[in-house]
Participant: 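Got a structure here, written out as structure tokens. Questions coming.
Atom set for the values below is all heavy atoms of this structure, side chains included, hydrogens, waters and symmetry mates excluded.
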Amino acid sequence: SKHLYCQRREKVELDKDLQARQQARELARQAEQAQKTLAQMPQEKLNAIVQAVADAFAKAAPELAELAVRETGFGNAEDKIIKNRFASMQLAEALRGMKTVGILREIPEKKLWEIGVPVGVIAAIVPSTNPTSTICYKALIAIKSGNAIVFSPHPKAADCTLRAARILAAAAEKAGAPAGCIGCLSMASMAALIILSVGSVSTYDLLSSLRAELCISVHCPSLKLFD
């Protein structure tokens with residue numbers, strides 16, 4: 001009957017929501033542990049991981065562009081390939097000489113030291129318009145500054161977002177990053193995103209990601225990000 005169908009549908013939706021919540025907690029805990037290791041890494045090691053991740057993503061740029069267009073219906077593969085390569089290779093180049101952890105600058109006359117300290121775990125949302133390039137540039141910025149990151153995909157871009165995140169995570173770990181430093185929910189859920197942003201573990205919401213992006217724009221005003 002219609003009543004039973006509605007009940008079953010509600011139960012399925014509830015089950016998916018509960019699974020997403022649990023996955024969010026697990027990813028956040030893994031990211032928290034991974035970030036403790038990242039926070040101890042010197043700038044040179046973080047730089048090497050960032051470059052390895054950018055290289056792997058650039059190599060997968062065509063595949064990810066095709067996936068994004070097919071899943072979301074937005075844009076075209078040719079333009080998305082350009083965006084993917086920009087968000088990987090060009091961003092990595094812009095970040096290469098930037099110091100983000102440890103002593104950033106000394107001002108003796110003011111007896112002042114500027115010190116870069118990682119914030120922890122960043123919870124980041126991903127749009128459906130440019131999901132793969134967004135994943136890459138946010139991950140590069142996070143790792144560069146010694147932070148772990150967990151992504152929450154848009155419902156209409158979940159598959160390509162997850163694929164991109166897995167490519168990034170595999171490359172990061174191969175380069176020496178701890179497992180769990182780049183995570184992604186396999187199912188979209190607002191409740192899961194809330195757990196990531198205000199959960200009991202040391203997590204930060206989208207504002208942390210935006211602060212990192214603002215830092216990049218301040219230091220590299222000529223760098224224009226697509227997303």
Participant: Nearest 0.5 Å, what's the CG-OH distance between N84 and Y137?
Facilitator: 12.5 Å
Participant: Which pair of non-hydrogen atoms, one from P62 and one from R85, has the smallest distance, and what is that distance?
Facilitator: CG-NH2, 3.9 Å
Participant: Could you measure the distance from the CG atom of L140 to the CG atom of L95? Nearest 0.5 Å is fine.
Facilitator: 6.5 Å
Participant: Go through the structure and list residues passing side-chain contact (heavy atoms from CB on, under 4.5 Å) with A157, not counting sequence neighbours.
Facilitator: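 Testing A157 for side-chain contact (heavy atoms from CB on, under 4.5 Å), a comparison that skips the adjacent residues, returns T72, S128, P131, H154, C160, T161.
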Participant: Indicate yes or no for a side-chain donor-acceptor contact from N76 to the backbone of D79 under 3.5 Å, with no hydrogens or angles considered.
Facilitator: yes
Participant: If Ile, Leu, Val, Met, Phe, Trp and Tyr residues are connected whenever their side-chain heavy atoms lie under 4.5 Å apart, and connections chain through other members, are I167 and L67 in the same group?
Facilitator: yes
Participant: When rounded to the nearest 0.5 angstrom, what distance separates CD1 in I143 from CE in M41?
Facilitator: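 Output value for this atom pair is 8.5 Å.
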Participant: Got a second to check how far I182's CD1 is from N147's CG, nearest 0.5 Å?
Facilitator: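 The CD1 atom of I182 sits 11.5 Å away from the CG atom of N147.
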Participant: If you take all heavy atoms of G75 and K80, which pair is closest and at what distance?
Facilitator: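 Smallest interatomic distance, heavy atoms only, reads CA-CE, 4.4 Å.
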Participant: For A148 and L38, work out which heavy atoms get closest and say how close.
Facilitator: N-CD1, 4.0 Å
Participant: Give a yes or no answer on whether the side chain of K99 reaches the backbone of V101 with a donor-acceptor pair at less than 3.5 Å.
Facilitator: yes
Participant: Under the salt bridge (charged side-chain N to carboxylate O under 4.0 Å, His left out) definition, can you give me all pairs with a residue in residues 161-185, not counting sequence neighbours?
Facilitator: E63-R163
Participant: Quick one: closest heavy-atom pair of A31 and V150, and the distance?
Facilitator: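 Heavy atoms of A31 and V150 come nearest at CB-CG2, 3.7 Å.
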Participant: Heavy atoms only: give me the nearest A142-I149 pair and the separation to one decimal.
Facilitator: CB-CB, 4.0 Å
Participant: Tell me every residue that passes side-chain contact (heavy atoms from CB on, under 4.5 Å) with A164, counting only those two or more places apart in sequence or in another chain.
Facilitator: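 With neighbours one apart ignored, the set is F57, L64, T132, I135.
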Participant: Distance from I122 atom CD1 to F151 atom CZ, nearest 0.5 Å?
Facilitator: 8.5 Å
Participant: Could you give all pairs that pass the salt bridge (charged side-chain N to carboxylate O under 4.0 Å, His left out) test and reach residues 66-76, with sequence neighbours left out?
Facilitator: none
Participant: Any donor-acceptor pair under 3.5 Å linking the side chain of Q35 with the backbone of G146?
Facilitator: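 Yes, Q35 side chain to G146 backbone: donor-acceptor pair under 3.5 Å.
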Participant: Show the atom names and distances, to 0.1 Å, of all donor-acceptor pairs under 3.5 Å that link a side chain in residues 44-54 to residues at least two apart or in another chain.
Facilitator:
{"from": "K45", "atom 1": "NZ", "to": "A175", "atom 2": "O", "distance (Å)": "2.8"}
{"from": "N47", "atom 1": "OD1", "to": "Q43", "atom 2": "NE2", "distance (Å)": "3.1"}
{"from": "N47", "atom 1": "OD1", "to": "K144", "atom 2": "NZ", "distance (Å)": "2.7"}
{"from": "N47", "atom 1": "ND2", "to": "Q43", "atom 2": "O", "distance (Å)": "3.4"}
{"from": "Q51", "atom 1": "OE1", "to": "R96", "atom 2": "NH2", "distance (Å)": "2.9"}
{"from": "Q51", "atom 1": "NE2", "to": "D55", "atom 2": "OD1", "distance (Å)": "3.0"}

Participant: Before you tell me yes or no, could you show the steps for Q30 and L27 under side chain to side chain contact (heavy atoms under 4.5 Å, CB included), namely the whole-Å CA-CA distance, both residues' side-chain angles and the distance that decides it to 0.1 Å?
Facilitator: CA-CA 5 Å; Q30 291 170 11; L27 288 173; 4.0 Å; yes
Participant: Supply the atom-to-atom distance W113 CH2 to I103 CD1, rounded to the nearest 0.5 angstrom.
Facilitator: 4.0 Å
Participant: Using the rule given for side chain to side chain donor-acceptor pair (under 3.5 Å), can you reason through E26 versus Q22, listing the C-alpha separation, both sets of side-chain angles and the distance that settles it, and then say yes or no?
Facilitator: CA-CA 6 Å; E26 291 174 358; Q22 182 58 34; 3.3 Å; yes
Participant: If you group Ile, Leu, Val, Met, Phe, Trp and Tyr by side-chain heavy-atom gaps below 4.5 Å, do F86 and F74 land in one group?
Facilitator: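 No, separate clusters.
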Participant: Tell me which pairs pass salt bridge (charged side-chain N to carboxylate O under 4.0 Å, His left out) where either residue lies in residues 104-125, with sequence neighbours left out.
Facilitator: R105-E114
Participant: Is V69 linked to L162 within one hydrophobic cluster, defined over Ile, Leu, Val, Met, Phe, Trp and Tyr using a side-chain heavy-atom separation of less than 4.5 Å?
Facilitator: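 Result: no, two separate clusters.
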